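Inspection log for the structure reproduced underneath, given as structure tokens.
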Amino acid sequence: MDEQARIMQALGGVSLAGHSVQGGMALPPPHGHDGTDGDGRKQDIGDILHQIMTITDQSLDEAQAKKHGLNCHRMKPALFSVLCEIKEKTGLSIRGAQEEDPPDPQLMRLDNMLLAEGVSGPEKGGGSAAAAAAAAAAGGSPADNSIEHSDYRAKLSQIRQIYHTELEKYEQACNEFTTHVMNLLREQSRTRPISPKEIERMVSIIHRKFSSIQMQLKQSTCEAVMILRSRFLDARRKRRNFSKQATEILNEYFYSHLSNPYPSEEAKEELAKKCSITVSQVSNWFGNKRIRYKKNIGKFQEEANLYAAKTAVTAAHAVAAAVQNSQTNSPTTPNSGGYPAPCYQSDGRIQ
DNA sequence: TGTAATGATTTACA
DNA sequence: TGTAAATCATTACA
């Protein structure tokens, strides 16, 4: 170390008890330097401060001249390689150089999701599959579906656009910053020992930092897509009341089968077809109707009577038609073979 | 704007 | 797996 200090001094640098200072850059002492001499250290610090003050007092021209002198010094290439070697030995320049980044599972998940949703990768209709699935689940009319579909696609396309713009910005910033740092290090490598390996390491550090920013972007994009999906897929958020006609058909069936309001699978399918809704919507409707009817029969009594009358009229018409056609088989009356029609008490309770 | 109505979902159970 | 019951979230209406 003493030899190194002497060389530094000879080159016009500042020798500071084991620390070589050049243009504000300090080379730490190699391992093993204990520096336990208390008074000596105080003196060193005083020297350092003094030297720093001296440096700042120097004019730029003087500094440049010194720098030039250093660069042109015949010993410089030899010193540079020696210092590089020392740095290699101390492990400063190779620390972490071998760190191979394993693929981040979280990043992979984000990438996969963005790819699946059509946000990253080639545009594939902006999640039309998801939109179609949601539309089917919602059981809306085809016209409604196409409106929702295009709405979903438009919003997804917006997200995609923002994602790509931001990604491009990050990449540009990363490249600019990397170039800047590389130039800076190359420039500094003229006056302090920086090996190409070290520059590479620095570049990889920068890339790692920027990729973590990219991950945040991907994460927030995924969140936006999830919110969009949940809004689109959650049928409760876009509930539409069934058409009056559909409700009529369902009510007619319900009240004409009041004693056993449990339509078979076939009946459900038929009702679904008639009402232009799905079988599960029919099941939901009957589930809701049964529980609400049971809970408050009184409230539904009027409705029940109305539909009973309606059914009776329909049946009478059927009978009349049958008689007219001289047909022998009588029409099927509601509830025939099933539960008896409810008999209402004065309080509206079913007997 | 508050409230009733209503379609959908969730949970428990047979 | 279908249903009851409770609950949620939205719509319709006064």
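Naming: A, B, ... by sequence-line order, numbering from 1 per chain. Computed from a predicted structure; not experimentally measured.
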Note to self: Both N241(A) and K295(A) contact DNA chain C. Which one's nearest nucleotide lies toward the 5' end?
What the structure shows: K295(A)

Next item on the list: Answer yes or no: are there more than 12 heavy-atom neighbours, outside H317(A) itself, under 6.0 Å from its atom NE2?
Entry: no

Next item on the list: Could you work out which one of dT3(C), dA5(C), dA12(C) sits closest to the side chain of R290(A)?
Entry: dT3(C)

Next item on the list: Return no unless some side-chain N or O of N284(A) is found under 4.0 Å from OP1 or OP2 of dG7(B).
Entry: no

Notebook entry, point to check: Does the base of dA8(B) carry an N or O that pairs as donor and acceptor with the side chain of N288(A) under 3.5 Å?
Noted result: yes

Check: Please give, in whole Å, the distance from dT6(B) P to F286(A) CZ?
Finding: 15 Å

Next item on the list: Could you tell me the separation between the CG atom of L250(A) and the P atom of dG7(B), rounded to a whole number of Å?
Entry: 8 Å

Checklist line | Within 6.0 angstrom of F210(A) CZ, more than 12 heavy atoms from elsewhere | finding: yes

Notebook entry, point to check: Between E269(A) (CD) and dG2(C) (P), how many Å, whole number?
Noted result: 12 Å

Note to self: Please classify the nucleic acid contact of K299(A) as base, sugar-phosphate, or nothing, using heavy-atom distances under 4.0 Å.
What the structure shows: sugar-phosphate

Checklist line | Side chain of T247(A) (C-beta onward), nearest among dG7(B), dA5(C), dA5(B) | finding: dG7(B)

Check: In whole angstroms, how far is the C1' atom of dT3(C) from the CZ atom of R292(A)?
Finding: 15 Å

